[in-house]
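Below is one structure, written out as structure tokens; comments come after it.
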Protein chains: 2
Amino acid sequence: MPTASPRPRPTLRDVAATAGVSKSLVSLALRGDPGVSESTRDRILAVAEQVGYRPSLSARTLKQGRSMLLGVVISSLENPYQTEIVASVEDAAEQVGLSVVLAHGSRDRGRLADRVQQLGDLGVDGLVVVSSWVPDEVLTAAARRLPVVMVGRTADPVAGVDSVTNDDEQGAALVVDHLVGRGYERIAHVTSSTRPAGLARRRGYEDAMRRAGLGDHVRVAAPDAVDGLLDDGYRAVFARNDVEACDVLDRALDRGLRVPDDVAVVGYDDTLLARRVRPALTTVQQQREVMGERAVALLTGRLGGRTDDVHEVLEPRLVVRASG
Amino acid sequence: MPTASPRPRPTLRDVAATAGVSKSLVSLALRGDPGVSESTRDRILAVAEQVGYRPSLSARTLKQGRSMLLGVVISSLENPYQTEIVASVEDAAEQVGLSVVLAHGSRDRGRLADRVQQLGDLGVDGLVVVSSWVPDEVLTAAARRLPVVMVGRTADPVAGVDSVTNDDEQGAALVVDHLVGRGYERIAHVTSSTRPAGLARRRGYEDAMRRAGLGDHVRVAAPDAVDGLLDDGYRAVFARNDVEACDVLDRALDRGLRVPDDVAVVGYDDTLLARRVRPALTTVQQQREVMGERAVALLTGRLGGRTDDVHEVLEPRLVVRASG
DNA sequence: CCGAACATCTGGAACGTTCCAGTCCTCCTC
DNA sequence: GAGGAGGACTGGAACGTTCCAGATGTTCGG
């Protein structure tokens, strides 16, 4: 099949030549400059369309020093929590005329760091990092050349890097209070994480238990130790995220227990999974749309000249469903 | 906090100046050109490192006419089938020294088309499209300026665009044959799709049923009409994908039926969902790692000068699990 | 000791934009 | 009818690379 070969793509100069004007004028016309007469503008646009002209972003970026691109880094595409944040960042970016390019690290820490570098080299105007796996030194290095904001689960603040996070301790407290309100006392926490967010949730759980006078019942277990909890008479399990909550759910159902009649199960994150599973999970929702919006606002703030670090903390919300 | 302000990033010229050599030599040294003496190379590298030099990809791309970047377009981040393909494309790209930038369309057809354009403008050297939602005219337009390959569910071949697909008809036949082999005769198909892949699976189902002499039992229903099937005594349901299979599963379990004892359920795609759900889904697996590898190979083939269209079709594999 | 061959390095012209400083006009004002 | 004021347009210099055609030594065979 005689397909068009990789012909050199037409440039401003080509358009200018066939339209019989200077390249400067073509540039102005294409960008809608008011100083171009209507007739020539129309002619130029027609020619550009006809020869299939498309501007070269690399040339534009090189000249202007900015790309109108936002980089978003996530650790894994398989993490619905992260991908939902990406979508919200993207919506917010579009509002202010920025486009998003996405990079991910497939669970590999080194690869993630490479991606961050790469996006910087590409010339993005700002970076949104939705992963706590990026090493601090990589973040600070990145922050030296462009605005960086961490979104979601964050570690300790990194100098020069803004952040938008969720109050995980409060979220955990919401769960405990809810379960206590329903009369549960033996409430266990299931977690496999030693990451900052996981630790914060655990802390929130322990503190809330103590506040409720249930300090003696505090019990933290790994996901694969659920059987032990159930054997010991725990009637409610708060898992560190929806995925682990589902594992608990499966385990309980396998033992012939009814949820929530025999045992209550609560998750965290309100991912799609929470809605899909049966019974649907009670879980904690973070304001993901707001997160994206705030992240973009922080970046544009930096681009506008702000130099002090800003850390925003959003309030989580409990979503009560069938599981507890 | 006195954070570093957006200082102008150092360029080749800066490195050259502080190292006391010409910018050309710096360029050569950084790219590991053998014609640079070891001592100067080391010195230059040290200086570059010290001043925090990073090459500008836009300048490089502009000059060289290629970016070493591959664009990958998917319709939605929430589709595990697509994101798994992305990962495999990425692995394959890395093998040949290419990086991947990802764009998605959040289920919006117009946005998807914009993304395709945008990646082209960015200067990617090739495009992998993992979505059947991109309009043909957008694809052909894109194919005029860079190599494009469609991966996964494809519509009819588009001129100038290569493809790597799965034989959906054969996949559906595998399912039917498997169920027939287990003694089922009243096998229904559940589908809500009018997209090419869905239609192919339906066709495969109908043909296989007829070949098995079960033409009289052919029955196709929408996901929300599952109850009708069960009422009519269908004992096996082949769903168009894993998500719809899960819906069928839920519906059956809600009616108190046992799976697979009372009714068998089979999905398609072998997404994570298939493994997670209970009972685990029997489903059809596509060779996703191979898909990425083939896609990249087709692109490099085009970059190497090939001009005729190539369409590769991969064989699906049945994965038998607990559900049927 | 001359020239050639080689290793090492340099200057400048591109690449496709944007943008600044002009250059022409035409039209208005006094 | 001279003197702008603006409107419409142009030329060329950047932006940070790469790469080609040299320039400058150095070494070595004869």
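Throughout, protein chains are lettered first and strands after them, A, B, ... in sequence-line order, and every chain is numbered starting at 1.
Residues Ser27(A) and Arg31(A) bring a donor and an acceptor atom of their side chains to less than 3.5 Å of each other.
Here the options are Leu298(A), Asp162(A), Leu127(A), the test is side-chain contact (heavy atoms from CB on, under 4.5 Å), and the partner is Val148(A); only Leu127(A) passes.
Protein atom CG of Asp33(B) is 13 Å distant from nucleotide atom P of dT10(C), rounded to whole Å. We find that CG of Leu25(A) is positioned 16 Å from P of dC20(C), with the value rounded to whole Å. Between the NZ atom of Lys23(B) and the P atom of dG11(C) there is a distance of 8 Å, given to the nearest Å.
Contact record, Leu98(A) with Leu69(A): CD2-N, 4.4 Å, taken as the closest heavy-atom pair. Smallest separation of non-hydrogen atoms from Gly160(B) and Asp309(B): N-OD2, 2.8 Å.
Between Leu119(A) and Val101(A) the shortest side-chain heavy-atom distance falls below 4.5 Å. At a threshold of 4.5 Å between non-hydrogen side-chain atoms, the residues Val15(B) and Val51(B) count as touching.
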Please list, one pair per line, the donor and acceptor atoms closer than 3.5 Å that link side chains of residues 87-96 of chain A to other protein atoms, with sequence neighbours excluded.
unit_1	atom_1	unit_2	atom_2	d
Ser88(A)	OG	Ile85(A)	O	3.1
Ser88(A)	OG	Arg288(A)	O	2.8
Ser88(A)	OG	Gly292(A)	N	3.1
Glu90(A)	OE1	His104(B)	NE2	2.3
Glu90(A)	OE2	Arg115(B)	NH2	2.8
Asp91(A)	OD1	Arg111(B)	NH2	2.9
Glu94(A)	OE1	Arg111(B)	NH1	2.2

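In this structure, the separation between CG on Leu62(A) and CG on Leu62(B) is 6.0 Å, given to the nearest 0.5 Å.
Among the heavy atoms of the strands lying under 4.0 Å from Ser24(A) is at least one base atom, whether or not backbone atoms are also near.
Of the residues in residues 52-61 of chain B, not one comes within less than 4.0 Å of DNA chain C through any heavy atom.
The outermost nucleotides of DNA chain D lying under 4.0 Å from heavy atoms of chain B, listed 5' to 3', are dG16(D) to dC19(D).
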